[in-house]
Amino acid sequence: MKITSDPTLFVIDDDDLVRAAIQGLLKSEGLQTETFETTQQYLCCKRPGGPSCLALDVELTEVSGLDFQRQSAESGVRIPIIFSM
Amino acid sequence: MAFSARPDGSTEFVNRPWLDYSGLSEKANRGNGWQLTIHPDDLDEHLSKWRASLTTGAPFENEARQRNANGEYRWFLVRAVPLRDQHGKVVKWYGTLTDIEDRKRAEQERERFRRLQADLAHENRVSMMGELAASLSHELRQPITAAITDATTCLRWLTRDQPDIEEAREATMRTMKDGTRAAELIDRLRSFYRKGAPPERELVDVNELVREMLVLLRSEVDRYSICLHTDLAAELPKVTADRVQLQQVLMNLMINGIDAMKEVDGARELTIQSRRAENEQLQVSVSDTGVGLPPQHADKVFEAFFTTKTHGSGMGLRISRSIVESHGGRLWAAANSPRGAHFSFTLSTNGQVPQ
């Protein structure tokens, strides 16, 4: 993972096709993205300090997107979340 | 009952039992009078076969309904062989009429029973799919969402001031992949839904079947936070089986396993195993960590209409057992340790399958 201060959009979606599609769309908008299959992978990665935002699938496998939002808020991760259905 | 006919096919003689059966006089039976007693629906086929035998001199054989003196029809097997002179020319035909009504009835009864079973099995598949509707629509929605997004992306690259063909091409490739996955899912569903024609026997890779059914169940498994384990033996011999029927057995067992865990706290684990067993058999097991079997009555779950589900028909396991048995195998249930149920079935791998 590149350390950069450019705005980064994190995408978590357990479906590989959806993940690739969202990443492609954001790329066409000139946005830098990092994609993850699971919330665990996302939590393990080094996140840059710059402005960032998270696109999250509501129906994730191991934990629902909404639960994850609550958990991450409780554990001090503060990031704006856009839910995708 | 017996008759004889001239080389042109016209009746020369009929015996007493036939006269009694048909209720027609000897005179009425002569010539082409015999055609009067044949069921109108069977007449065309009977005549064309009879004419063919008269032309070629080959023995005649046909099944047709014949009307008796009371106006009722019964199935008869009609046979005739030619008598030839020393030059090989047909001089006469000798024939018999055998009442096969009982055999025919039994055949029809069997066919009706087979259809009833196929209808029930189909009903069971439809109801399973109904149960999965929410999960399946999600599963189908994913590639469609991806396709729409990828097509949008493609347009964006193309309509920029400086179109980027390479990026547009990549987005199009992704769109194709999305469409393919949606189509594959629909194909799987369709083949599973298909109404049961007579059972088809083909060489089937059981592991592949398990994987195919798991694709359909993936969202359902996710939805109830179930941990899925597969332990499929490599290089498993193929079995001669009806593909859709085996899919149905697997689907029944896996959906039952999922259902049994929906209300359970603690670990929810669905395990599917395949392995070689003794005597050229292979064994497939589906275990769950759900509510388990009724104590002391494990085998009761295979009885028709036995169900513990609020929406169940109680036919799934009954149908599954008869499918496995029609493939020469066995399906049984046992308690899973420390909790839950364990279903196993065997299939023969030597191709010796009762039809």
Side-chain angles (χ1 to χ4, degrees), chain A residues 2 6-44 52-75 80-85, chain B residues 134-185 214-215 217-228 267-270:
Chain A
K2 248 186 315 182
D6 282 345
T8 305
L9 234 153
F10 299 98
V11 178
I12 310 179
D13 198 298
D14 54 6
D15 191 293
D16 51 343
L17 295 180
V18 174
R19 217 159 52 232
I22 294 175
Q23 185 169 35
L25 181 69
L26 296 172
K27 187 178 178 191
S28 77
E29 278 294 309
L31 286 166
Q32 179 167 321
T33 53
E34 289 293 331
T35 64
F36 307 93
E37 189 179 345
T38 63
T39 52
Q40 210 51 44
Q41 285 178 4
Y42 165 75
L43 291 172
C44 292
S52 62
C53 163
L54 175 66
L56 188 58
D57 182 7
V58 175
E59 292 184 48
L60 285 167
T61 309
E62 5 71 284
V63 53
S64 93
L66 292 167
D67 285 344
F68 175 71
Q69 181 187 32
R70 200 177 43 247
Q71 283 167 18
S72 57
E74 281 163 7
S75 59
I81 297 180
I82 302 165
F83 285 103
S84 56
M85 303 293 275
Chain B
S135 296
L136 287 173
S137 54
H138 175 75
E139 198 61 39
L140 199 53
R141 181 74 199 157
Q142 300 277 74
I144 292 173
T145 302
I148 295 168
T149 309
D150 283 324
T152 307
T153 306
C154 176
L155 264 185
R156 293 176 97 98
W157 288 115
L158 289 176
T159 53
R160 278 150 64 113
D161 293 340
Q162 293 276 308
D164 191 324
I165 301 298
E166 183 47 36
E167 287 288 353
R169 198 185 67 85
E170 274 179 29
T172 306
M173 299 289 279
R174 288 199 301 271
T175 312
M176 286 164 64
K177 250 169 86 176
D178 303 333
T180 306
R181 194 169 89 192
E184 278 171 1
L185 187 72
L214 287 178
V215 169
L217 284 175
R218 195 170 59 183
S219 287
E220 186 77 357
V221 164
D222 289 352
R223 201 168 152 203
Y224 294 102
S225 309
I226 289 164
C227 230
L228 186 67
R268 299 175 180 177
E269 292 178 26
L270 186 70

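So that the names make sense, note that chain A is the first sequence line, chain B the second, and so on, each numbered from 1. Only heavy atoms go into these numbers, but all of them, side chains included; no hydrogens, no water, no symmetry mates.
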A.B. asks: Against chain B, work out which of A:Ile22, A:Asp15, A:Leu26 has the most heavy-atom pairs shorter than 4.5 Å and name it.
C.D. replies: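 So the answer, after comparing A:Ile22, A:Asp15, A:Leu26, is A:Asp15.
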A.B. asks: Under the side chain to side chain contact (heavy atoms under 4.5 Å, CB included) test, which residues partner B:Thr180, sequence neighbours left out?
C.D. replies: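 So B:Thr180 forms a side chain to side chain contact (heavy atoms under 4.5 Å, CB included) with B:Glu184.
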A.B. asks: Counting a contact as any heavy-atom pair under 4.5 Å apart, which residues of residues 159-169 of chain B contact chain A?
C.D. replies: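 B:Arg160, B:Glu167, listed by number.
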A.B. asks: With a 4.5 Å limit on heavy-atom distance, are the side chains of A:Asp13 and B:Gln142 in contact?
C.D. replies: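 Sidechains of B:Gln142 and A:Asp13: in contact.
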A.B. asks: If the condition is side chain to side chain contact (heavy atoms under 4.5 Å, CB included), which residues does B:Ser219 pass it with, not counting sequence neighbours?
C.D. replies: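 Testing B:Ser219 for side chain to side chain contact (heavy atoms under 4.5 Å, CB included), a comparison that skips the adjacent residues, returns B:Ser135, B:His138, B:Glu139.
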A.B. asks: Using non-hydrogen atoms only, which part of B:Arg141 is less than 4.5 Å away from chain A: side chain, backbone, both, or neither?
C.D. replies: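 Neither; nothing under 4.5 Å.
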A.B. asks: Looking only at heavy atoms, what is the nearest atom pair of A:Ala21 and B:Thr149, with distance?
C.D. replies: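 Closest heavy-atom pair between A:Ala21 and B:Thr149: O-CG2, 3.6 Å.
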A.B. asks: Step by step, would you call A:Lys27 with B:Thr153 a side-chain contact (heavy atoms from CB on, under 4.5 Å)?
C.D. replies: CA-CA 9 Å; A:Lys27 187 178 178 191; B:Thr153 306; over 6 Å; no
A.B. asks: So, B:Arg174 and A:Asp16, do they make that salt bridge, N to O below 4.0 Å?
C.D. replies: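 The answer is no: the pair does not qualify as a salt bridge.
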A.B. asks: Which residues pass the side chain to side chain contact (heavy atoms under 4.5 Å, CB included) test with B:Lys177, not counting sequence neighbours?
C.D. replies: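 Applying side chain to side chain contact (heavy atoms under 4.5 Å, CB included) to B:Lys177 gives A:Leu17.
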